[in-house]
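Have a look at the structure below before the remarks.
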Amino acid sequence: MDEPTLPQEVKEALLNANHVVALTGAGVSAESGVPTFRGAGGLWENHRAEDLATPEAFMRDPALVWRWYDWRRGLIAPLSPNPGHYALARMEKKFKQFTLITQNVDGLHSKAGSAAPIEIHGNIWFARCVQEGTVRENRETPLQVIPPVCPNCGGMERPHIVWFGEQLDQDKLGLALEALENCNALIVAGTSGVVQPAASFAGMARSAGAFVIEVNTERTPVTAMAHATIRAPSGEALPLLAKLAQTASGG
Ligand code: BJW
């Protein structure tokens, strides 16, 4: 694919922005080798979301759900961030204000150097005690005990992930909504834009006056809400946007 060219309006919007927000989805990690959820080769092609990514599924068969997460953790563990992740980490240092909101649970934004990604769907490297609600990091792959057990109370732990039908962490959601309300530009990269509440973020930011840029290899419901779309892999498009950020700061 030829290197994507940036529309003039995108350049202007980013050069003039004081606060830029990026919302990322599974497509941003695809070039690292993490499977997306929807579409060809996606996780939901071979697994039913209702069997694995709901609190009811976990109550029904915690070991089955944990085995799926154990498999995914093993798949993600050796993977590295790609140029898209690194570009977002650079933007954080270059724009006056930059907020990264991610639906991804793989931890690759932090691995790339992003200081404080708002992980609205949780993180696959953390487990939460079902009894106490305490959260602890757990990077053991493969897990020796399934389901893992809380070291404090011996209760069962669950993945620290937001499943369908569950509320997002209200503090994280609050931070995300505040940023969306106050930003001048929003970059929406690698998400199918069908899972709420993140699916509404582009519309919210646009209504609040932000210039919305979509980066995606395919058309999505976000496309209609965006002022501009860059139809290219995020590993190619985001580094171009990061270059503009450098121009903006004179760096
Ligand atoms: C590239 C690329 C490249 C590929 N470069 N691009 C009916 C109407 C409205 C809402 C609902 C409804 N029924 C139920 C709901 C609510 C539900 C929902 O939205 N469901 C819809 C599916 C209909 N939402 C919820 O339940 C949420 N909670 C909630 O709403 O709470 C409210 C509440 C209030 C009061 C009480 C109780 C609740 C929670 C949602 C949690 C989502 N969790 C998951 C993960 C679980 C499993 C896990 O990870 O372990 O989060 S689902 C899954 O989808 C995961 C993702 O973060 C999320 C979004 O997916 P994403 O990132 O967009 O990935 P894909 O695969 O869909 O798309 C990839 C894209 O990348 C594609 O567009 C490609 O083209 C592109 N791409 N390569 C650029 N190189």
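We count residues from 1, following the sequence as given. As the structure lists them, so they are numbered: ligands from 1, and atoms in each ligand from 1.
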Taking both backbone and side-chain atoms of [X], is any N or O found less than 3.5 Å from an N or O belonging to ligand 1?
X: E31; answer: yes
X: V215; answer: no
X: S234; answer: yes
X: Y69; answer: yes
X: T220; answer: no
X: G25; answer: no
X: L168; answer: no

May I ask you to identify, for [X], whether its side chain, its backbone, both or neither come under 4.0 Å of ligand 1 on a heavy-atom basis?
X: H121; answer: side chain
X: R72; answer: side chain
X: T217; answer: both

Please state which option from [options] has its nearest heavy atom closest to [atom].
atom: atom 44 (C) of ligand 1; options: V195, T102, V162, L23; answer: V162
atom: atom 68 (O) of ligand 1; options: S192, S200, G84; answer: S192
atom: atom 2 (C) of ligand 1; options: G165, G27, G42; answer: G27

Is there side-chain contact between L43 and W68, with heavy atoms separated by less than 4.5 Å?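 Yes, side chains in contact.
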Which of the numbered atoms in ligand 1 are below 4.0 angstrom from a heavy atom of [X]?
X: V194; result: 19 (O), 21 (C), 22 (C)
X: E218; result: 75 (O)
X: G190; result: 6 (N), 69 (C), 70 (C), 71 (O)
X: A30; result: 78 (N)

Answer yes or no: is there an ion pair linking [X] with [Y], defined by an N-O contact shorter than 4.0 Å?
X: R136; Y: E157; answer: yes
X: D51; Y: R48; answer: yes
X: R158; Y: E166; answer: yes
X: E92; Y: K94; answer: no

Minimum-distance protein heavy atom relative to atom 18 (C) of ligand 1: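 Closest protein heavy atom to atom 18 (C) of ligand 1: Q196 N, 3.8 Å.
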Answer yes if the side chains of T102 and T24 hold a donor-acceptor pair under 3.5 Å, and no otherwise.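 Yes, because at least one side-chain N or O of T102 sits under 3.5 Å from a partner of the opposite role on T24.
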Ignoring hydrogens and geometry beyond distance, is a side-chain donor-acceptor pair present between S80 and H85 at under 3.5 Å?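 On atom types as modelled, these side chains do not qualify, holding no pair under 3.5 Å.
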Check for me whether R73 meets the cation-pi criterion with W66, that is, NZ or CZ under 6.0 Å from the six-membered ring centre and within 45 degrees of the ring axis.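 So R73 doesn't make the cation-pi contact.
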Going by the side chain to side chain contact (heavy atoms under 4.5 Å, CB included) test, name the single residue among M91, K93, R90, H109 that passes it with S114.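 By the side chain to side chain contact (heavy atoms under 4.5 Å, CB included) criterion, S114 pairs with just one of M91, K93, R90, H109: H109.
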